[in-house]
Amino acid sequence: MWEGYFLLKALRIADDGEIENCYIDIILPERISEMAYLSIDGLVVRKWKPQVDGEIIPAVAIEGNGDYELYYSRRRPEIGLDVLYRGLRVAKKRAPIAQDLAYILRDENRIEEAITAFSIVIDEGEPNEFTFSERAQLFEKIGAFEKAKCDFLQSEEMTPKNLRRLLANRELPKDVP
């Protein structure tokens, strides 16, 4: 996995839905992005992303874990999904891209596609209790209760024992008010 500070091709999705090419900064492996580089009147202008009208998402998928919302355009979710699906087809490490896909698809209520994406994470990645729990909830939504039960059990097994105890007993550590 690459580490460092990079400029990455990106897409700005304007408030009216129009798409414009631009660039963003990205710090890897954390996948932190704060600045956008836009072409305005023939000049490259650097702006803090929250000050840019519209949404900005990477134009290429990153084979590393991070916040899936980096790719999530609520105005036009298919744009980020397309970037991730294209990346998934050529990725050497598919699980991180599949995880981003899974969460966006879940949020967009595309349940069966989300199940497929979470399955890639489970089969090819390093799944955790959240991956199994998310897929279990999706299985419940489509009525696949036996599969949901298996995933919930797997999630429970992966949850650290001290956390299971706290949740089961609804205890709070003494330093929590």
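Here the structure is a predicted model, which is why all the values come from computation and not from measurement.
The side-chain heavy atoms of Leu101 and Glu113, taken from C-beta on, include no pair separated by under 4.5 Å. Glu126 has its side chain out of reach of Asn65: every pair of non-hydrogen atoms, C-beta onward, lies at least 4.5 Å apart. Using a 4.5 Å heavy-atom threshold, the side chains of Thr131 and Met158 count as separate. Side chains of Pro96 and Ile62 form no contact here, defined as non-hydrogen atoms less than 4.5 Å apart.
None of Arg74, Arg76, Arg75 except one satisfies the salt bridge (Lys or Arg N to Asp or Glu O under 4.0 Å) rule with Glu55; the exception is Arg75.
Minimum interatomic distance between Ile57 and Ser73 (heavy atoms only, all atoms of both residues): CG2-N, 4.4 Å. Here the shortest heavy-atom pairing between Gly125 and Ala95 reads CA-CB, 3.4 Å.
The number of heavy-atom neighbours closer than 6.0 Å to NZ of Lys49, taken from other residues, nucleotides and ligands shown, is above 12. Counting non-hydrogen atoms of neighbouring residues, nucleotides and ligands closer than 6.0 angstrom, the CZ atom of Phe6 exceeds 12 such neighbours.
Tracing side-chain contacts under 4.5 Å through hydrophobic residues (I, L, V, M, F, W, Y), one never reaches Ile97 starting from Val121; they form parts of separate clusters. In the hydrophobic cluster analysis, where Ile, Leu, Val, Met, Phe, Trp and Tyr join through side-chain heavy atoms closer than 4.5 angstrom, Ile111 is grouped apart from Phe152. Note: the hydrophobic cluster containing Leu70 also contains Ile56 (ILVMFWY, side chain heavy atoms under 4.5 Å, direct or indirect links). Residues Leu105 and Leu84 are members of one and the same hydrophobic cluster, defined by side-chain heavy-atom contacts under 4.5 angstrom among Ile, Leu, Val, Met, Phe, Trp and Tyr. Val45 and Val52 fall within the same hydrophobic cluster, defined by Ile, Leu, Val, Met, Phe, Trp and Tyr side-chain heavy atoms under 4.5 Å apart, directly or through other members.
Hydrophobic cluster membership for Tyr23: Tyr5, Leu7, Ile27, Ile32, Met35, Tyr37, Val44, Trp48 (Ile, Leu, Val, Met, Phe, Trp, Tyr linked by side-chain heavy atoms under 4.5 Å, directly or transitively). Hydrophobic cluster membership of Leu153, counting Ile, Leu, Val, Met, Phe, Trp and Tyr whose side-chain heavy atoms lie under 4.5 Å apart directly or via other members: none, as it forms a cluster of its own.
Without hydrogens or angle criteria, Gln137 side chain to Ser133 main chain gives a donor-acceptor distance under 3.5 Å. Checked by atom type and distance alone, the side chain of Ser119 pairs as donor or acceptor with a backbone atom of Ile115 at under 3.5 Å. Counting only distance, with no hydrogens or angles, the side chain of Tyr71 and the backbone of Val60 share a donor-acceptor pair below 3.5 Å. Side-chain atoms of Arg86 never come within 3.5 Å of backbone atoms of Ala61 as a donor-acceptor pair (strictly under, hydrogens ignored).
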>> Could you go through Tyr103 and Phe118, starting from their C-alpha distance and side-chain angles, then the distance that decides it, and tell me whether this counts as ring pair (Phe, Tyr, Trp, His ring centres under 6.0 Å)?
In response: CA-CA 8 Å; Tyr103 281 108; Phe118 276 119; 5.1 Å; yes

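Here the CG atom belonging to Asp53 is positioned 6.5 Å from the NZ atom belonging to Lys47, to the nearest 0.5 angstrom.
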